[in-house]
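One-based numbering, in listed order, for ligands and for the atoms of each. Computed over heavy atoms, backbone and side chain alike; hydrogens, waters and symmetry mates excluded.
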Amino acid sequence: MADFSQQRDAMVRHQLAARGLHDPRVLDAMGRVPREPFVGASMQAFAYDDGPLPIDAGQTISQPYIVARMVELARIAPGDRVLEIGAGSGYAAAVMAAIAARVFTIDRIERLAALARGRFESLGYDNIDVRTGDGTQGWPEAAPFDAIVASAGGPGVPDVLKGQLAIGGRLVMPVGASLHAQQLVRVTRVEAARFETEAKDHVAFVPLIGVFGWGDEAAY
Ligand code: SAH
């Protein structure tokens with residue numbers, strides 16, 4: 001029987017800390033949130049592998065390093081309200097909810113949103129709201145957010161999402177002109193009408209499909 005907690009500790013040391021991730025809040029959250037409940041039974045043995053894994057509906061749970069890196073770039077802190085676009089398995093939302101006050105997460109695929117909701121309930125996360133919909137339009141009723149994290153890659157940062165950031169809020173999103181290769185971009189709302197944009201790591205996420213993303217799914 002695999003000892004998941006030992007595997008999780010090793011993941012934090014070898015995949016995160018050894019690669020330069022040092023934010024104690026992020027390392028602590030990654031060390032506390034189990035990854036195995038977020039993958040299917042046949043994938044549990046690989047839950048702490050150093051890569052993405054397939055989940056339902058042809059989607060993926062991101063590599064642990066990438067989840068930690070995005071949370072670090074978004075500077076998620078206690079008390080924050082966070083929006084995630086692309087709930088997928090729910091794993092990244094759970095990691096962020098281990099730090100922030102409240103996480104709002106959206107997936108366009110109803111089945112994934114329902115599975116994620118069930119996992120949050122059974123694991124006792126009571127500070128995560130999940131809904132089905134097009135996350136490229138944000139979650140206006142819950143805005144403003146201290147952080148917005150997109151877990152799927154689009155052609156550009158939608159203005160509507162920038163508009164849902166609090167002053168001082170950070171948005172982290174994979175942006176790229178091609179469907180499967182992007183660069184992580186961090187946009188900080190420094191003043192009401194002033195945004196700072198920084199380009200960070202090269203990454204490969206699944207496509208963000210929506211009104212302000214890659215448009216029609218049928219094209220891919
Ligand atoms: N954060 C997830 C990774 C999800 S993969 C995890 O930890 O498991 C990316 C997800 O983005 C997929 O589930 C996909 O359905 C979703 N997605 C793609 N476009 C979207 C959109 N416009 N709105 C909401 N979700 C979207």
What are the atoms of ligand 1, with element, lying closer than 4.0 Å to any heavy atom of Gly133? 23 (N), 24 (C)
For atom 1 (N) of ligand 1, closest protein heavy-atom neighbour: Glu84 OE2, 2.9 Å
Option whose closest heavy atom lies nearest to atom 17 (N) of ligand 1, chosen from Gln63, Arg35, Arg108: Arg108
Distance under 6.0 Å and angle within 45° of the ring axis: does Arg19 meet both against Tyr65? yes
Per-atom filter on ligand 1: closer than 4.0 angstrom to a heavy atom of Ile109 are 15 (O)
Look at atom 10 (C) of ligand 1 and find which of Asp134, Val39, Val149, Asp107 reaches it with the closest heavy atom. Asp107
When clusters are formed by joining ILVMFWY residues with side-chain heavy atoms under 4.5 Å apart, either directly or through shared neighbours, do Leu53 and Ile55 land in the same one? yes
Just jot down the ligand 1 atoms closer than 4.0 angstrom to any heavy atom of Ile106, in number order. 24 (C), 25 (N)
Between Gln183 and Asp201, does any side-chain donor sit less than 3.5 Å from a side-chain acceptor? no
I'd like to check which ligand 1 atoms, numbered from 1 as shown, lie under 4.0 Å from a non-hydrogen atom of Pro207. 18 (C), 19 (N)
Nearest non-hydrogen protein atom, atom 14 (C) of ligand 1: Gln59 OE1, 3.4 Å
Is it the side chain (CB and beyond), the backbone, both or neither of Leu208 that lies under 4.0 Å from ligand 1, heavy atoms counted? both
Residue and atom name of the nearest protein heavy atom (relative to atom 8 (O) of ligand 1), distance in Å to one decimal: Ser89 OG, 2.6 Å
With nothing but distance in play, are any N or O atoms of Ile55 less than 3.5 Å from an N or O of ligand 1? no
Could you list the donor-acceptor pairs under 3.5 angstrom formed between side-chain atoms of residues 143-163 and any protein atom two or more places apart in sequence or on another chain?
residue	atom	partner	partner atom	Å
Asp146	OD2	Arg81	N	2.8
Ser151	OG	Glu84	OE2	2.7

Verdict with reasoning, Gln44 to Phe4, per side-chain contact (heavy atoms from CB on, under 4.5 Å): CA-CA 9 Å; Gln44 290 202 344; Phe4 286 125; 4.3 Å; yes
With a 4.0 Å cut-off on N to O distance, would you call Glu198 and Lys200 a salt bridge? yes
Partner set under side-chain hydrogen bond (donor to acceptor under 3.5 Å, both in side chains) for Asp9, not counting sequence neighbours: none
Atom 11 (O) of ligand 1: nearest protein contact (heavy atom, Å): Gly86 CA, 3.2 Å
Which option, Gly90, Gly135, Ala113, Ala152, owns the non-hydrogen atom nearest atom 23 (N) of ligand 1? Gly135
Polar-atom distance check: Ser151 versus ligand 1, any N or O pair below 3.5 Å? yes
I'd like to check which ligand 1 atoms, numbered from 1 as shown, lie under 4.0 Å from a non-hydrogen atom of Thr136. 22 (N)
I'd like to know if Glu196 and Arg170 make a salt bridge, using a cut-off of under 4.0 Å between side-chain N and carboxylate O. no
A student checking ligand 1 against Val206 at a 4.0 Å heavy-atom cut-off should list atoms 5 (S), 9 (C)
Within a strict 4.5 Å, meaning less than it, do heavy atoms of the Val39 and Ile61 side chains meet? yes
Could a heavy atom of Ala87 be found less than 4.0 Å from some atom of ligand 1? yes
For Gly213 against Thr136, the heavy-atom pair lying closest together: N-CG2, 3.8 Å
Is there a donor-acceptor contact under 3.5 Å linking the side chains of Tyr48 and Arg8? yes
Out of curiosity, is Ala93 lining ligand 1, as in a heavy atom under 4.0 Å away? no
With atoms numbered from 1 as shown, which atoms in ligand 1 lie under 4.0 angstrom from a non-hydrogen atom of Ala92? 1 (N), 7 (O)
